[in-house]
Every structure is written in structure tokens, then in C-alpha cells.
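As C-alpha cells, the structure follows; a few thoughts come after it.
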Amino acid sequence: MNAFKPGSPLPLANPSLPTMYDLPSENPEEPGLPDQFHDWQPQLLSQTFRPLAVPIEQVLTAADLNIYYDPNNPKYYKRPDWFAVVSVPRFVEGGRLSYVRWQEGRSPLVVVELLSPNTIEEDQGLTLRGQQPPSKWEVYEQILQVPYYVLFDRVDDTLQIFRLEAGLYREQSESRLWIEELQIGLGLWRGRFADWERQWLRWYDSEGQWIPSEQERVALERQRAESAEQRAQLAERRAQALAQKLKEVGIDPDSL
């Protein structure tokens, strides 16, 4: 068997060699991670999750951060693709290495899982264990009691939204999620993010307007600054033109 030597040309595509679909991860316990969509989609969710009802300093969003939920079994954890918590500090000294429920004192308000073939059954609650450790669905529904649970299948762009009602998840028929207490909603948006044109999950405001991403906010600020400068230049030109006309009729504009 010929070993690849550093500095030698990379081998050309060979149909007999495994592809990215055969080799999705170096970690056999997480065969569906990582992938590019799982990186970019949470970024858009975090950038647009801006509920006006809560100060931004009290809004935490995170992706692939371990949530420890059982003080009796402190090694048990779940790692959502994305989640948000309100009324906790956005940052802590040194940065969070994990989210410890019994330390923070609050459960996530919303959890989003991005479906992949290797995790879809557990994400959809089809692998309820009834044993230890419990499944994601059991943890989100029964232990953490996360009020809103969202599943997004990026292959066919389908969205499943579950609300916690009387301690159980009920799938809603609406195609968008609206969180009344925060006056913010979640829906599917087709557009370009990270130079990729596709359907994305993103947050919208009480007027139904998509909340700007960081890049969009920078562009809006630049546009506002340019518009303000153009208005100032126009006002200056008009003032100069008026002064010239006054001078032509024998009036000193500085005396007015």
C-alpha cells in the first residue's frame, strides 16, 4: 500500500476511493458532523436573534455547546445545533465552556436541530429510550422543558415546529414560529448568506421584516452614512447657490 507523502501531488479523483459521503467525520460517535451548513446556519440564527423585549446583554445564543442538565448525573449532556436562552448573561468571565442548567438557573427558550441522516430519528423523538441517558427529545421535553423545539431538514427545506403544551410537545400546523413573549418569529428565508444562495432559517420582527444579519447591518449603516453625507453636500450646494443669487441682487448673505 502506497502511503501519501507530504509535499507530493494530491491524488486525482478515483471512483474506487471513498468520498465525503462515505467519510463524513473522524469521530465515529458523531458521524454527521461537522459539515458546512451546520456551521453557517447557526451563525445566521445567532446574528438575527435580536428580541427587543430583552436587553441584548441578557440574551445568550450558542451552537454545538454542551448542555448539562442533570446534577445527579453531571456527565450527561446534550449538544443542540443551536439554542437561545433569555434572562441570563450573554457573556461570563472567561467565556462559557458549556451550559450548565443547575448553575445558570434557566433552560433554553428555543432549540433548533438541523436534521441529518444519522440523527434524524433521535431528533424527531423516534428513539425514546426509557433508560439512561435519555434521548434528546426526552431531555428537551421532559427535563429541560424547552418551550419551542424546531427541526429543519435542509435537504427538502421542510420545517417542523413543536410547542410545549401541558408538558408534551405538540407539532404546530403553522409554517412559521412566533414567540409572543419576545415579539420575534422564525421562518424560512431564501437568500444569500456566506455566499450561498439557498433556503435559510432566520428571525423576523413584529412587522414581519427579516432582522438584518451582521453583514446587512454594516451595509445599512454604511448606506445611512452615505445618505447623510449626500444630504449634507446637497444642503451645502443649495446654500452656496442661494448666497450667489443674493450677491447678484446686491444683498450680502452674511448680513442676513
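Note: hydrogens, waters and symmetry copies are ignored here, and every other heavy atom, side chains too, is used.
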How many angstroms lie between atom [atom1] of [X] and atom [atom2] of [Y], to the nearest 0.5 angstrom?
{"X": "Q145", "Y": "S107", "atom1": "CD", "atom2": "OG", "value": "7.5 Å"}
{"X": "T158", "Y": "L115", "atom1": "OG1", "atom2": "CG", "value": "7.0 Å"}
{"X": "T48", "Y": "W200", "atom1": "OG1", "atom2": "CH2", "value": "11.5 Å"}

Partners passing salt bridge (Lys or Arg N to Asp or Glu O under 4.0 Å) against E216 (at least two apart in sequence or in another chain): R202

Check the angle between the aromatic planes of Y77 and Y68 and answer parallel, tilted or perpendicular using the 30° and 60° thresholds. tilted

Any [X] side-chain heavy atom under 4.5 Å of [Y] side chain:
{"X": "D153", "Y": "L114", "value": "no"}
{"X": "W137", "Y": "V139", "value": "no"}
{"X": "V111", "Y": "E113", "value": "yes"}
{"X": "E141", "Y": "L164", "value": "yes"}
{"X": "Q41", "Y": "F152", "value": "yes"}
{"X": "W210", "Y": "W203", "value": "no"}

Please report the C-alpha distance between E180 and Q183 in whole Å, then the side-chain angles of each, then the deciding distance to 0.1 Å, and finally whether the side chain to side chain donor-acceptor pair (under 3.5 Å) criterion is met. CA-CA 5 Å; E180 182 67 26; Q183 290 292 291; 3.0 Å; yes

Would you mind checking if R101 and D70 are paired as a salt bridge, meaning a charged N to carboxylate O distance below 4.0 Å? no

Flag yes if more than 12 heavy atoms outside L188 fall under 6.0 Å of its CG atom; otherwise flag no. yes

Is the CG atom of L97 crowded by more than 12 outside heavy atoms at less than 6.0 Å? no

Do W82 and F49 make the cut of ring centroids closer than 6.0 angstrom? yes

Run the ring-centre check on W189 versus Y204 and record whether the distance is less than 6.0 Å. no

Among Q160, E165, R163, exactly one meets side-chain hydrogen bond (donor to acceptor under 3.5 Å, both in side chains) together with Q172. Which residue is that? R163

